[in-house]
Number of protein chains: 2
Amino acid sequence: MRILVVEDNHATAANLGDYLALFDHHVDFAYNGQAAIQLLDESRFDLIILDIMMPVMNGLTACHAIRAGYHADIPIIFLTARDTLEDKLAGFKAGADDYLVKPFELQELHARVQALEARNQRRLSPQLRYGALVYDVGTDAVTVNDETLLLDPTQKRIVQLLIKKAPKLVGNQDIAYEIWKEDEPEETSALRTQIYRLRKALPEGMLITERGKGYRLNAD
Amino acid sequence: MRILVVEDNHATAANLGDYLALFDHHVDFAYNGQAAIQLLDESRFDLIILDIMMPVMNGLTACHAIRAGYHADIPIIFLTARDTLEDKLAGFKAGADDYLVKPFELQELHARVQALEARNQRRLSPQLRYGALVYDVGTDAVTVNDETLLLDPTQKRIVQLLIKKAPKLVGNQDIAYEIWKEDEPEETSALRTQIYRLRKALPEGMLITERGKGYRLNAD
DNA sequence: AGCTTGGTGACATAACTGTGACATTGTTCA
DNA sequence: TGAACAATGTCACAGTTATGTCACCAAGCT
């Protein structure tokens, strides 16, 4: 998972990052809300850990802004010393998924991170489907109206991504990152080719291009 | 929402139920894990609030069973007096979405219930709307009365702007700045053209010119 | 070797967008 | 009232960029 830690205390942030890195998470940092929001525009994250008291833009405001923006569905965990009921309610009201009070056990944080991750995975456990398009996780087969499509592994992974988000569009960057783990937005020719092949395999009109943004599925 | 409260102490359960009912939730009760699982087979729930220490089948076991079963994706909140780190980790490991330690504030429970509800809602794309005009952020589509309009990216961005401000008018300068990041107010020909194209796509009379000022939407 | 997979790079195609010329509408003021 | 002017509408056109298409090559597997 790609995690964004937003915390103005560098030592605390580094500490957190080190711990999360142990579990094979890729961690980036922002030291105030403003910076966090900018980072979100540049790259893709699976989770945000957010301090509340920060200079420039505090966590609550940042949370609001994120929920109002393009990446509104990213899970957000508040991590703060403010422990009154009012603080917690304000946090949830701002759109938090979880609220953890400092001092806390790193292991509990990790457990809560995993819980959010699990929640996003769970709904795709038996099958992924969007309209007539079905991705069977068990057999790793893709079918349309019970007819099996012959897809290469990479194409299957792209389909999986698209179905997970459908009918939302998936950014070119997001696909590139998920498939090739490339942060750098360069080299789109491989993606173009894969999309081309995938489109040929799918029913006509199902894979739609949003120029300049990405691709999305269409159920018709 | 339909909520299942699983708690062997009848008084506590009733108390909880009364509180949640205040927020227009439909609450059912089970007094041990076994009974809860049976209930799940009979009817549909949106959320489970689960005590850990119970006779017949404790909460952890019940949680495991639920996650393994047919209703694997129901959000589960543990509610328990067991407050050690080990207990919490065990709870999350069993598949909990959240873990709240007794004694707790009813309002915090409600906030966490709402957070889980919100997370499920958020899967749907957020939308900006004004009257029949809807901009879907997730799919990046603009619709009027559920009919999709074919708009170019720049036009979509202008629609977004207009909807956000609607029914107020948006100054020419403001649009120019938002779309082209131009401080200089010159060069309105591009804007004129974009507005022209946008107006052709929208229902007649929806995009109104305020001469010398800017443009605004009209719902009719 | 033969097969599968997947990336590269060249080129074609399509989409998007600003420009500039001109038309139209509205406003001001003598 | 009617120039004269300003703002906006209309539209063909061309430059730019993103995407589609495809032949080919490299790497890995059987």
Side-chain angles (χ1 to χ4, degrees), chain A residues 135 139-142 148-162 169-218, chain B residues 135 139-142 148-162 169-218:
Chain A
Y135 180 92
T139 62
D140 206 47
V142 178
T148 302
L149 303 179
L150 295 167
L151 295 181
D152 293 340
T154 306
Q155 289 157 39
K156 285 182 184 170
R157 293 171 64 205
I158 295 177
V159 168
Q160 203 178 329
L161 252 182
L162 289 167
L169 76 84
V170 186
N172 289 330
Q173 319 263 19
D174 296 347
I175 301 177
Y177 180 77
E178 281 297 327
I179 306 297
W180 294 282
K181 300 298 173 200
E182 277 177 11
D183 250 340
E184 304 314 315
E186 290 315 316
E187 226 32 278
T188 59
S189 79
L191 173 58
R192 286 215 309 278
T193 304
Q194 291 299 344
I195 289 287
Y196 165 63
R197 290 169 180 156
L198 177 55
R199 200 195 314 260
K200 277 210 297 195
L202 291 174
E204 202 176 323
M206 181 170 264
L207 178 50
I208 292 182
T209 306
E210 292 288 353
R211 191 188 167 87
K213 303 222 167 76
Y215 298 87
R216 66 182 171 84
L217 291 178
N218 180 298
Chain B
Y135 174 83
T139 59
D140 196 52
V142 178
T148 302
L149 304 180
L150 294 168
L151 295 182
D152 292 342
T154 306
Q155 290 158 37
K156 285 182 186 169
R157 294 209 290 151
I158 295 177
V159 168
Q160 250 182 94
L161 255 180
L162 290 167
L169 107 162
V170 185
N172 288 333
Q173 319 265 17
D174 298 341
I175 300 177
Y177 181 75
E178 279 296 325
I179 306 296
W180 293 281
K181 299 298 173 201
E182 279 176 8
D183 273 331
E184 304 313 315
E186 289 315 315
E187 225 33 276
T188 59
S189 81
L191 173 58
R192 286 215 310 279
T193 303
Q194 291 298 346
I195 289 288
Y196 164 63
R197 290 170 180 154
L198 177 55
R199 197 190 324 255
K200 277 210 297 195
L202 291 174
E204 204 176 321
M206 181 170 265
L207 178 50
I208 293 181
T209 306
E210 295 280 359
R211 194 185 168 83
K213 295 179 183 143
Y215 299 89
R216 66 180 172 84
L217 290 178
N218 179 297

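Just so you know, these numbers use all the heavy atoms, side chains as well, and skip hydrogens, waters and symmetry mates. So you know, we letter chains A, B, ... as the sequences are listed, proteins then strands, and number each from 1.
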Quick tally for nucleotides 25-30 of chain D: nucleotides whose base has a protein heavy atom under 4.0 Å get B, sugar-phosphate-only ones S, the rest -, giving ------
Quick note, Ala190(B) side chain, CB onward, closest among dG6(C), dT8(C), dT19(C) is dT19(C)
Tyr215(B) has its side chain closest, among dT19(C), dG9(D), dG6(C), to dG9(D)
Expressed as a whole number of angstroms, how long is the span from [X]:[atom1] to [N]:[atom2]?
X         : N       : atom1 : atom2 : result
Leu169(B) : dA7(D)  : CG    : C1'   : 15 Å
Ile195(A) : dA14(C) : CD1   : C1'   : 17 Å
Leu198(B) : dG18(C) : CG    : C1'   : 16 Å
Arg199(A) : dT19(D) : CZ    : C1'   : 9 Å
Glu204(A) : dG20(D) : CD    : C1'   : 14 Å
Leu151(B) : dA15(C) : CG    : P     : 15 Å
Leu191(B) : dT17(C) : CG    : C1'   : 13 Å
Ile208(A) : dA14(C) : CD1   : P     : 18 Å

Residue pairs passing the salt bridge (charged side-chain N to carboxylate O under 4.0 Å, His left out) test with at least one member in residues 193-206 of chain A, sequence neighbours excluded, are none
By side chain to side chain donor-acceptor pair (under 3.5 Å), Asp174(A) pairs with (sequence neighbours left out) none
Sorted by chain and residue number, the side chain to side chain donor-acceptor pair (under 3.5 Å) partners of Thr139(B) (sequence neighbours excluded) come out as Asp136(B)
[X]: salt bridge (Lys or Arg N to Asp or Glu O under 4.0 Å) partners, not counting sequence neighbours:
X         : result
Asp152(B) : none
Lys213(B) : none
Arg216(A) : Glu210(A)

Set out, line by line, the N/O atom pairs under 3.5 Å between protein and nucleotides 11-14 of chain D.
{"unit_1": "dC11(D)", "atom_1": "OP2", "unit_2": "Tyr196(B)", "atom_2": "OH", "d": "2.1"}
{"unit_1": "dC11(D)", "atom_1": "N4", "unit_2": "Thr193(B)", "atom_2": "OG1", "d": "3.1"}

For Leu162(B) and Leu198(B), run side-chain contact (heavy atoms from CB on, under 4.5 Å): C-alpha distance rounded to whole Å, both residues' side-chain angles, the deciding distance at 0.1 Å, then the answer. CA-CA 11 Å; Leu162(B) 290 167; Leu198(B) 177 55; 4.3 Å; yes
Rounded to 10°, the angle between the first-five-pair and last-five-pair axes of the helix from dA1(C)-dT30(D) to dA30(C)-dT1(D) is 20°
**Request:** Would you indicate, yes or no, if dG6(C) has its OP1 or OP2 atom less than 4.0 angstrom from a side-chain nitrogen or oxygen of Trp180(A)?
**Result:** no
Exercise. Do Asn172(A) and Thr188(A) touch side chain to side chain, with heavy atoms closer than 4.5 Å?
Worked result: no
Taking the side chain as every heavy atom from C-beta outward, state whether Ile195(B) and Thr209(B) have any atom pair closer than 4.5 Å. no
Rounded to the nearest 0.5 angstrom, the CD1-CD1 distance for Ile158(A) and Ile179(A) is 5.0 Å
Restricting both atoms to N or O, compile the protein contacts to nucleotides 16-18 of chain D shorter than 3.5 Å, with distance only.
{"unit_1": "dT17(D)", "atom_1": "O2", "unit_2": "Arg211(A)", "atom_2": "NH2", "d": "2.5"}
{"unit_1": "dA18(D)", "atom_1": "O4'", "unit_2": "Arg211(A)", "atom_2": "NH2", "d": "3.0"}
{"unit_1": "dA18(D)", "atom_1": "O3'", "unit_2": "Gly212(A)", "atom_2": "N", "d": "3.4"}

Quick check: does any side chain N or O of Arg157(A) sit under 3.5 Å from a backbone N or O of Glu178(A), one acting as donor and the other as acceptor? yes
Notebook entry, point to check: Is there a donor-acceptor contact under 3.5 Å from the side chain of Lys156(A) to the main chain of Val142(A)?
Noted result: no
When every non-hydrogen atom of Tyr215(A) is compared with those of Leu207(A), the smallest separation belongs to CB-CD1, 4.0 Å
Heavy-atom closest pair (Ala201(B) atom, Leu151(B) atom, distance to 0.1 Å) is CB-CD2, 3.4 Å
